[in-house]
Amino acid sequence: MSTRFDARRILRAIAAPVLAVVVAVVVTSLILAAANDPVGQVWSVILSPPKPRVVAAIINAATVYYLSAVAVAIGFKMNLFNIGVDGQYRIAAFFAALVAGQGWLPGPLNVLLGLAVAVLTGGIWAAVAGILKVWRGVSEVISTIMLNAIATFLVALLLRKAALEPGGSNIVQTKPIPESSRVPGFPLIPGSSREIYGLVILAILVGIAYWFVLNKTRFGFDLRATGASETAAVASGVNVGRMVAVSMIISGGVAGLVGMPLLFGQDYSYGSTFQPGLGFAGIAIALLGRNHPVGIAFAALLWSFLDQQSNALQIQAGVSDKLVLVIQGVIVLSVVIAYEIVRRANVRLEQRRVAARLAAEAGTPLQGARA
Amino acid sequence: MVELHGITKRFPGVVANKDIELTVDKGTIHAIVGENGAGKSTLMKILYGVQQPDEGTIMVDGNELRLRTPSDAIAAGIGMVFQHFQLADNFTVLENVVLGAEGLHGIGDSARDTIRELSDGYGLGIDPEALVADLGVGARQRIEILKVLYRGARIIILDEPTAVLVPQEVSELFDNLRGLTAEGFTVIFISHKLDEVLQVADAITVIRRGTTVAEVDPKRVTARQLAELMVGTELPSAHTEQSTVTDTPVLTIEATSLDNPFGGPRLLDGIDLTIHTGEIVGIAGVEGNGQAELVEVIMGMREPSAGRILLGELDTSTWQTREIREAGIGYIPEDRHRHGLLLESPLWENVVLGHQTEPTYRTGPGRWLINSSAAKKETQQIVVQYDVRTPSIDVTSGSLSGGNQQKLIIGREMRRNPRVLVAAHPTRGVDVGAQAAIWGHIRDARRNGLGVLLISADLDELVGLSDTIRVILRGRIVGQFNPDTVTREELGAAMTGAVADDARADPKEQGH
């Protein structure tokens, strides 16, 4: 009985995202057809098997997306909408690069220091929004959006002050991290010289920790209870104000890690070309992955798969690679709707099932389920 | 004339309405009475098109209607005044009334004139220019009635309209309603307050366990008879148990007050109350007179502005909810869906809820982890011991019927052996079988030395269970009664403030 129940549960869990992807394919095809673009060719480019080099790029991008989405998901589990991951990871990456670039500690210790600085900075930045919400009731949506803007200008300002300017170039960046503190990649993909970020391990650890804390600990129970029903959580003795502040800080701390695989595995410094927009992708990926640690991993892979495959669109199909943004947008929109539909259907289904089972046990229809 | 025949409405696990027969004559006030959870609200939602019946017919003036949405009901001349007002505070009366009905008389002078006409015509005394935020509860209710009239209703349903009103406002409302019926309007009045119903209604239909059991003439029936019709043969056995009250105070509330954060009169004003071990103290009162605030203060969800609360010898007035629960106060919240359960979580998680720090449910280094296997075992025992009807402990709590949800909550609190139980409306909205079981559990716990604060709107429940009854009115305790000797009329009078002064002046009454 219980295994069948579980199988059904898994089926229900993946029904919505699969549905959403199908809807996205249909809608995008309609858009392409309406614009007189070659529908079939576009899909054959996107769905063509990626080259080994691209596979490595997909996994690398997904690693970064994954961290970002977990940061967002921590907030979502509490009904907090941390839009500020974008600002949090950038300011965190800047300070981490600044500190790690000094090379105060040798080798791997310097990496750990960099990670700690990133977590701390991201956490502090998010704490501003958390504390504003608890003390003054400021919506975290508003405050984190504003903090994103502040982070952008603050980093730009500090970068000018703190950065080296290699002569003649207008690339502004922090002092590069010493060779000994760079995290080597894994040559996992045969046939490609591109390596997987060493800090993919960090993403995996964060995913495991996220699952464990949420589902196994008392803190996680309180957090989920608050997200499921704030009123019931209050009555059960959860200090909701403290939970809001703490979960916002944790969310920001994880957000601080988003830029780390890039910093220690690819860029080795923070500059004006550091990859932007990862926080917003994280929101979409957390939604698609249903805040579930494994779901988010698949969503992150799908996201970066679409990103990478779109590169060839312009050349091979004559369609702008911006098309992939349309696909991603439609996926998110349909996934939100699909989840709500599936959720409501599940609630009704379960009520009916329970009533039916009780009625069957009592031997009388419906009436037996009373009491 | 409104006729309902054979109306049946089923929800998962419950039949909310069954073979309802109701005939309301034009130009009369027709009351529908029944206990909480008897199915009154479902019936009214069906009549207003919010829910569709599974069986049965609705006829208005001889025409059969199919009401799919409230708009259908409004088009058929049926309007509804909800218990919880649906007004925008920062809008004027005019804006509130025209909101959603802009097509009728526009939003300008024509609408204003219509509102004035209606207000003057039916003595509602409403100024269309007034800001709703500045108006009191009685005036807000009259705006709701005006809204319904404005939309052309000839049949007006009022759901528990007096629950939020003070006595003077109640009599004003009744004058307004009589004025309306004199003009040919039909009023359907839902209530469980028998004295009010007898005072105002031209005809009364009694609902019990989802079905209409009688239509009676208010001139030929007493409150007692009506009460018997409402509860049927299941009238609670009036206090046959021996007293188990001791001299040991377990919860002492001393001169406790709670200021209204938005200004105005205090929500709680100098409450003094002692609960001894083995004692059930019942709190009677019209809803909204401070009962919810009293519970929140005891449970630490709000901090009292003055006074102190002692659990045994410990002053808990500044404690957090969690510390108070850990110290041994069990809590049955008034609204189990909002405060008692995580509806989309499995039963075992709901059993942990409120007892997250309970050692039984904790494990691992530093006891930071939730011991789900222990919690599941405990849930299994609660299901058996408290007769929670469920196919498994892995289903969500939202899929259980109300009575079974409540039994789960009772079991969850009782199994932790609390010293004090705060029970707010413990049998609200549950069927008779579960009600009897819940009463049994509370009595058992009392025998084992539990102190219980019982808050209820159901006078029979209060009289049947309590060792002593206090009446709360506008945040103050205004009377103390012995449940063995008190009459419904005495309680009712104290609850509405009619003879509160007499009760206080009478030392014999206080001495119980």
Side-chain angles (χ1 to χ4, degrees), chain A residues 1-6 8-9 212-243 339-340 342-344 346-362 364-371, chain B residues 10-15 209 296 299-301 320-326 331 333 335-345 349-350 352-357 361-364 367-370 372 387 389-392 394-396 398-401 403-404 407 430-435 437:
Chain A
M1 179 67 223
S2 88
T3 48
R4 228 187 70 212
F5 188 62
D6 283 344
R8 185 158 42 189
R9 206 136 89 183
F212 184 82
V213 170
L214 211 57
N215 293 296
K216 296 290 164 191
T217 66
R218 223 152 45 70
F219 173 79
F221 186 95
D222 283 358
L223 192 142
R224 282 185 295 129
T226 313
S229 166
E230 192 178 312
T231 46
V234 169
S236 86
V238 174
N239 182 339
V240 169
R242 196 168 63 197
M243 284 303 290
Y339 279 147
E340 189 54 27
V342 169
R343 190 188 72 83
R344 287 186 196 175
N346 277 343
V347 167
R348 260 202 307 276
L349 216 69
E350 175 131 336
Q351 282 180 347
R352 214 166 294 160
R353 225 165 43 83
V354 167
R357 295 255 315 261
L358 286 172
E361 276 170 31
T364 51
L366 267 167
Q367 222 73 340
R370 296 191 57 154
Chain B
R10 300 183 189 89
F11 291 113
V14 204
V15 183
R209 296 189 66 183
E296 285 173 348
M299 293 310 301
M301 290 183 272
Q320 302 267 329
T321 306
R322 174 153 290 166
E323 297 169 293
I324 290 172
R325 297 193 72 139
E326 284 168 354
Y331 177 34
D335 182 340
R336 60 181 162 270
H337 285 183
R338 291 195 52 198
H339 296 111
L341 295 169
L342 303 174
L343 292 172
E344 292 186 35
S345 301
E349 288 195 359
N350 278 285
V352 176
L353 187 72
H355 305 279
Q356 290 98 313
T357 53
Y361 301 141
R362 292 160 65 181
T363 183
R367 303 220 154 235
W368 274 25
L369 306 184
I370 293 277
S372 58
D387 187 31
R389 310 264 170 90
T390 174
S392 114
D394 294 314
V395 301
T396 59
S399 55
L400 299 188
S401 72
N404 284 307
K407 284 191 281 186
V430 310
D431 56 281
V432 179
Q435 185 176 47

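Numbered from 1 within each chain, the chains take letters A, B, ... in sequence-line order.
In this structure, the separation between OG1 on Thr321(B) and OH on Tyr331(B) is 9.0 Å, given to the nearest 0.5 Å. Atoms CD and CE, from Glu230(A) and Met243(A) in turn, are 11.0 Å apart once rounded to the nearest 0.5 Å. Taken from CZ in Arg389(B) to CG in Asp387(B), the straight-line distance is 4.0 Å, to the nearest 0.5 Å. In this structure, CG on Leu369(B) lies 11.5 Å from CG on Asn215(A), to the nearest 0.5 angstrom. Here the CZ atom belonging to Arg224(A) is positioned 11.0 Å from the CG atom belonging to Leu353(B), to the nearest 0.5 angstrom.
The most heavy-atom pairs under 4.5 Å with chain B, out of Val347(A), Thr231(A), Asn239(A), Asn346(A), come from Thr231(A). When each of Glu323(B), Arg336(B), Glu326(B), Arg325(B) is checked for heavy-atom pairs under 4.5 Å with chain A, Arg325(B) comes out on top. In terms of heavy-atom pairs under 4.5 Å with chain A, the best-connected choice from His355(B), Glu344(B), Arg367(B) is Glu344(B).
For Leu341(B), the part sitting under 4.5 Å from any heavy atom of chain A is the backbone (N, CA, C, O) and nothing else. Neither the backbone nor the side chain of Met299(B) has a heavy atom closer than 4.5 Å to any heavy atom of chain A. For Gln356(B), the parts sitting under 4.5 Å from any heavy atom of chain A are the backbone and the side chain alike. In this structure, the portions of Val238(A) lying under 4.5 Å from any heavy atom of chain B include both its backbone and its side chain. Interface residue Val234(A): backbone and side-chain heavy atoms are both found under 4.5 Å from chain B. Using a 4.5 Å cut-off between heavy atoms, Glu349(B) touches chain A through backbone and side chain atoms alike.
Side-chain N or O atoms of Arg362(B) include one that pairs as donor or acceptor with a backbone N or O of Thr357(B) at under 3.5 Å. Panel note: side chain Gln351(A), backbone Gly398(B); a donor-acceptor pair is recorded below 3.5 Å.
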